[in-house]
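Below is one structure, written out as structure tokens, with a few remarks after it.
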Amino acid sequence: MTTFLPPADRIWWKVPVGRQELVWIAIALVWCLIMFAMMPIWHIYGKQNLSTEAYQTTPAAYGAKVQEMIDKYTVREESGIPVVRPPAGSDVYMLARLWQWWPILELEKDKSYRFHLSSMDYQHGFSLQPVNINMQVVPGYEMVINITPDKAGEYGVICNEYCGIGHHTMVGKIYVGE
Amino acid sequence: MSSFRLCPDSGFYFNRDAERLMKVNAVAGVVALLIAGILALGVVLTRWQEVHLLPADIFYQVLTGHGINALIFWVIFFEMAILHFASTTLLRCRLATPGWAWAGFFLMVIGAVMNNIAVLQGNSSVMMTSYAPMQAAPHFYLGLILFAVGALVQIFVFFGTLVVAQQEKTYEGSVPIVTFGAITAAIIAVFTIASGAIILVPTFLWSIGYINHIDAEMYRVIWWALGHSSQQINVAAHVAIWYLLAGILFGARPMSEKVSRFAYLLYILFLQLASAHHILVDPGISTEWKIFNTSYAMYLAVLASMIHGLTVPGSIEVAQRNKGLNKGLFEWLRKAPWGNPVFSGMFISLVTFGFLGGITGVVMGTEQINLIIHNTIYVPAHFHATVVTGTTLAFMALTYLLIPVLFRRQMILPWLAKLQPYIFGGGMVILILFMLGAGTLGVSRRHWDMDFTGALLTFEYSGMAYTLMAIGAIGGVLAIVGGGSFLLITVGSLLFGKKLEPSAGFLESFVGKPLAASVYNIERPEKLERAPQLEGHHGSGGGFEAPGTFVLALLLLVTFVVYYFINWKYLASVWPMGS
């Protein structure tokens, strides 16, 4: 009849809209505005907001910063990877490369850190488990996020951006002590 | 010279040139779907950790091919067929420039073949997104570029055809809502393909050494204007198909032309912004930009989908009630033709797109919530609800209708066709729900091994994550059986179905050879009249004409609200972070 025929009314845009549709549009619009408001509200009252602090960098420059931290604060080694315990409140660095998260970090519970993240080669995905915090790691960009680990324990860092054949072996660690 | 035929079964007119292009585009799409479906089996059986079928390199290769064939080649080829249908058949006009349309089609075929060859050769396992600086072979990018250019050419032929229809006055008044939806899809496609050119052309030049650096973040920002928007073409197209099938099956008319068209307009204006969904946890993207864009500017495109979610089933309900199916809230729905795959496919598409695809899309596209979802297997769960149970199932439903009408063959295995939407949709729903769950537990997408075999350090997912992935995979296998049934029925019907028109042979079905000249016996179809006015009825009136639909819509809203806030609560439990 109809959905595939031209509208019955020549001036269809002047045909009044039924009450049912108007009510639904009003309800849906209110819901859309609530969802829109939730994002700025969370920036004010919520505690999980991604930082927008980021810098352009190069693998060499970023690698040097990471090495500097490792040289200063390494406490031991695990499977050949340095375990680094930087002081609470400091800048801590992690780098992603084929196929490794480097180094292992040891943090203190309820202390804040300026956490830096960048990639030395391809794109990688920082996926902290089992808390389930996920961020994109992009070469040439250094992201800085203030994090406050609020539960002690051993956390895995998985790569969740495809980065080649060894992607699945890219597992890192963050320890959070009391 | 006569160039039209009238389909005696449906009353649709087909233009000789356009009909051939509809067939070849649809067939090429189905071939891509077949490839995607075969590869899907490899993906599913590898991600099912207890089976873990393929080695890592083959898995990533298969996953790349699956993504590109399903998300790009299948849907866009089929959409070209829909554009030619929505212009020439629905407006009863000739195709503007058949030669250009064929050129576009061949470019698409060359591009699709070239890209598939690149993936098959094994050095382009870069996933559909091909994120720089990971590099594929040059013909991987070139294939995509040629495919996109070909699609653009066919889209311009579609626009030209609209002009022809208007100038030759083949219809009265405004274009039907279905054509309006197709125009929306085509406009979004132009934007999409332009974005694709902006990023893929330099990436191609980089792959052959003319450019030495592609900024990885810039690539992501522009690529997603292609990657996400191309899925928005699907949304506009499959909503148009919902309207079409509601009209054909029930004689439904839009509850309000104004409201439905306005909702489409919102798509054109705001769906474009969704590339932001993919860069919410990327470095250096400002908060204001993310909030404005990820919400499609205050969720106005979500509003549009919520409107279609009411008006499509609402229009069916009104039509059914006019036929006397007036008992209670849901007699109209209970007595719908559930055994007809055209209806069941369309309705499952509508419900799963709304409840699963829409809600999860908004949730994970919320700026902060994306932190707990980005790149987990939740993401493919979401887009299987939009592109597979939403778009693909709607296109399958349309195909069942087209076998007799366009291809002039009777459908074979009607009993299997009756079950097919339930097998395919049901399997997919299992896959989607359990992958959503696994994603919430942090299981990664695009990942070969949940056990991290060979890693220096260890991490163990919970036993529950393994169970969810296994059940999801079983759903996936079921869906592949459903998809295989679809291919069996459609290809089988074109080969062996009873000929409703004696000249509808193999070449006519598969390579677009025209039917016998005598079939095209109409020089100019009758002018397409406006839909008849309803007796004593103007607009959709003052009352609640579709109360059952309204209840369903409220159910969607409640599910939406509850699920949305559950995710905020979950987010509140992770480590505090900020700037």
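Keep in mind the model is a prediction, meaning the values are calculated, not measured. Below, chain A is the first sequence line, B the second, and so on; all start at residue 1.
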Query raised in the report: Of the backbone (N, CA, C, O) and the side chain (C-beta and beyond), which part of Ile158(A) lies under 4.5 Å from a heavy atom of chain B, both, or neither?
Result: side chain
**Report entry** Side chain, backbone, both or neither of Trp31(A) within contact of chain B (heavy atoms, under 4.5 Å)
**Finding:** side chain
**Report entry** Trp575(B) ring center within less than 6.0 Å of Tyr155(A) ring center
**Finding:** yes
Query raised in the report: Donor-acceptor pair, Thr294(B) side chain versus Gly365(B) backbone, under 3.5 Å?
Result: yes
Query raised in the report: Does the ring center of Tyr131(B) lie less than 6.0 Å from the ring center of Tyr162(A)?
Result: no
Requested in this report: Below 4.5 Å from any heavy atom of chain A, which atoms of Phe452(B) appear? Answer side chain, backbone, both or neither.
Outcome: both
Report summary line: Under 4.5 Å to a heavy atom of chain B? For Leu22(A) that would be neither
Report task. Side-chain contact test, heavy atoms from C-beta onward, threshold under 4.5 Å: evaluate it for Trp13(A) versus Ile11(A) and give yes or no. Result -> yes
Report task. Please look at Leu128(A) and chain B and tell me whether the side chain, the backbone, both or neither of the residue comes under 4.5 angstrom of a heavy atom of that chain. Result -> side chain
Requested in this report: Verify the ring-centre separation between Tyr243(B) and Phe180(B): is it less than 6.0 angstrom?
Outcome: no
**Report entry** Interchain contact, Val157(A) with chain B, by part (heavy-atom threshold 4.5 Å)
**Finding:** neither
Report task. Would you mind checking which part of Gln123(A) comes under 4.5 Å of any heavy atom in chain B, side chain (CB onward), backbone (N, CA, C, O), both or neither? Result -> both
